> 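Pasting in a structure now, in structure tokens, and then I'll have a few things to ask.
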Amino acid sequence: MFHITIKKTYDEVSAEAFKVMEGVLKGDHTPVLGLATGSSPVGLYKEMIRDHKENGTSYKDIITFNLDEYIGLPRDHRESYWTFMHVNLFNHIDIPDENVHVPLGCGEDPEADCAAYEAELSKYTVDVQVLGIGSDGHIAFNEPGCPFDSVTHTMELTEQTRRDNARFFDNDINQVPTSAATMGLASIMRAKKIILIATGANKADAVWGMIKGPKTTDCPASILQDHPEVYVFLDEEAASRL
Ligand code: GLP
């Protein structure tokens, strides 16, 4: 079930998304958070940092699981998702590093590392999972064709995704890793609530496919049609086909 909010500016979109996150943070138990990388959630993370600094909301006991990581980048690479999360959130709140989980993309056996990640994730129930959406309809790094029953796995990235993400790699697609370790679609669907943020015209087709299109692995995000509680935060451009 989708709850859709459309706002004019990215800051308004982020502030609205934070309201759902705030409800979870201030709920009746210490939550487990599922977190995402990419440009879309950065404004939400800024709101979480502001709230931590202004209101003292503590992350000392909060556990986090991130969606995905590039295969082949060391954790301290400037574009690893491990680094992204520290720069954009973890370094600014009081979460201990041992509470943070990001898939390992630089181990010797990525498949085994994915299985270990899924085993750890399955010990918890994620209270809220933050998501962006790729222009090809991917969520996390589950590209078109990925089975709906997938759990944490490795995935070859599509040319479109590598082109989209080249902006983080000196606009050079050759520097963008060719594969990733990612939570699967079934792993994501276990979260109690989902916050999905999408802005900009290049997300309009993917947003339409997610909400109005047929439920098909051609648009991995369309699996969310079966989720009971998805909060979608859009600007007018991303919502233009709805
Ligand atoms: C990346 C990430 C996704 C993200 C998507 C959109 O490839 N793996 O988790 O949602 O692309 O990114 P952005 O928010 O930068 O548009």
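Predicted model only: the values in this text are computed from it and were never measured. We number each residue from 1, following the sequence as shown. Numbering of ligands and ligand atoms starts at 1, following listing order.
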> Within ligand 1, which atoms have a heavy atom of Gly38 less than 4.0 Å away?
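Near Gly38, meaning under 4.0 Å from one of its heavy atoms, ligand 1 has 14 (O), 15 (O).
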> Quick one: does ligand 1 sit under 4.0 Å from the side chain of Phe84, the backbone, both or neither, non-hydrogen atoms only?
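Neither part.
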> What part of Asn165, side chain from CB on, backbone N/CA/C/O, both or neither, has a heavy atom under 4.0 Å from ligand 1?
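Under 4.0 Å from ligand 1, Asn165 contributes side-chain atoms alone.
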> Of all the non-hydrogen atoms in the protein, which one sits nearest to atom 2 (C) of ligand 1, and at what distance?
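Checking every protein heavy atom, the shortest distance to atom 2 (C) of ligand 1 gives Tyr81 OH, 3.7 Å.
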> Can you tell me how the ring of Tyr81 sits relative to the ring of Phe84, calling it parallel under 30°, perpendicular over 60° and tilted otherwise?
perpendicular
> Rounded at 0.5 Å granularity, tell me how far CG in Leu73 sits from SG in Cys106.
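Output value for this atom pair is 8.5 Å.
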> Quick check: does Thr37 get an N/O under 3.5 Å from an N/O on ligand 1?
no
> Whether Arg50 and Glu47 form a salt bridge (side-chain N of Lys/Arg under 4.0 Å from carboxylate O of Asp/Glu) is what I want to check.
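A salt bridge is present here (some side-chain N lies under 4.0 Å from a carboxylate O).
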> To check your reading of the model: name the closest protein heavy atom to atom 5 (C) of ligand 1, its residue, and the distance in Å.
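Scanning the protein heavy atoms, the shortest distance from atom 5 (C) of ligand 1 goes to His138 NE2, 3.6 Å.
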> Starting from atom 16 (O) of ligand 1, what is the nearest protein heavy atom, named by residue and atom, and what distance separates them?
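Of the protein heavy atoms, Lys203 NZ, 2.6 Å lies nearest.
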> Quick one: look at Arg167 and ligand 1, take heavy-atom pairs under 4.0 Å, and tell me if it's side chain, backbone, both or neither.
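Looking at Arg167 and ligand 1, just side chain atoms fall under 4.0 Å.
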> If you round to the nearest 0.5 Å, how far is OG1 of Thr57 from CD1 of Ile62?
8.5 Å
> For a side-chain hydrogen bond (donor to acceptor under 3.5 Å, both in side chains) check, start with the C-alpha distance between Arg167 and Ser39, then their side-chain angles and the critical distance, and finish with the verdict.
CA-CA 11 Å; Arg167 67 189 193 280; Ser39 318; 2.8 Å; yes
> If you have a sec, work out which protein heavy atom is nearest atom 8 (N) of ligand 1 and how many Å separate them, to one decimal?
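So the nearest neighbour among protein heavy atoms is Asp68 OD2, 2.8 Å.
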> Looking at Gly132, which atoms of ligand 1 are within less than 4.0 Å of one of its heavy atoms?
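Heavy-atom distances to Gly132 below 4.0 Å select 10 (O).
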> Below 6.0 angstrom between ring centroids: does that apply to Phe141 and Tyr70?
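Aromatic pair counts; centres sit under 6.0 Å.
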> Of all heavy-atom pairs between Gly137 and Pro220, which one has the smallest distance, and what is that distance?
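Smallest heavy-atom distance, with atoms named: O-CD, 3.3 Å.
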> Any idea which part of Ser39 is under 4.0 Å from ligand 1, heavy-atom wise: side chain, backbone, both or neither?
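It is both backbone and side chain that touch ligand 1.
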> Can you tell me if Ala140 contacts ligand 1 (heavy atom of the residue under 4.0 Å from the ligand)?
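A heavy atom of Ala140 does come that close to ligand 1.
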> Does Asp94 form a side-chain hydrogen bond (donor to acceptor under 3.5 Å, both in side chains) with Ser58? I'd like the steps, not just the answer.
CA-CA 6 Å; Asp94 61 344; Ser58 174; 2.7 Å; yes
> State the atoms of ligand 1, each with its element, that fall below the 4.0 Å cut-off from a heavy-atom position in Ser40.
13 (P), 14 (O), 16 (O)
> Can you tell whether the side chains of Glu22 and Lys19 come within less than 4.0 Å, N to carboxylate O?
no
> Which of the atoms in ligand 1, numbered in the order shown and given with their element, are less than 4.0 Å from a heavy-atom of Ile133?
6 (C), 10 (O)
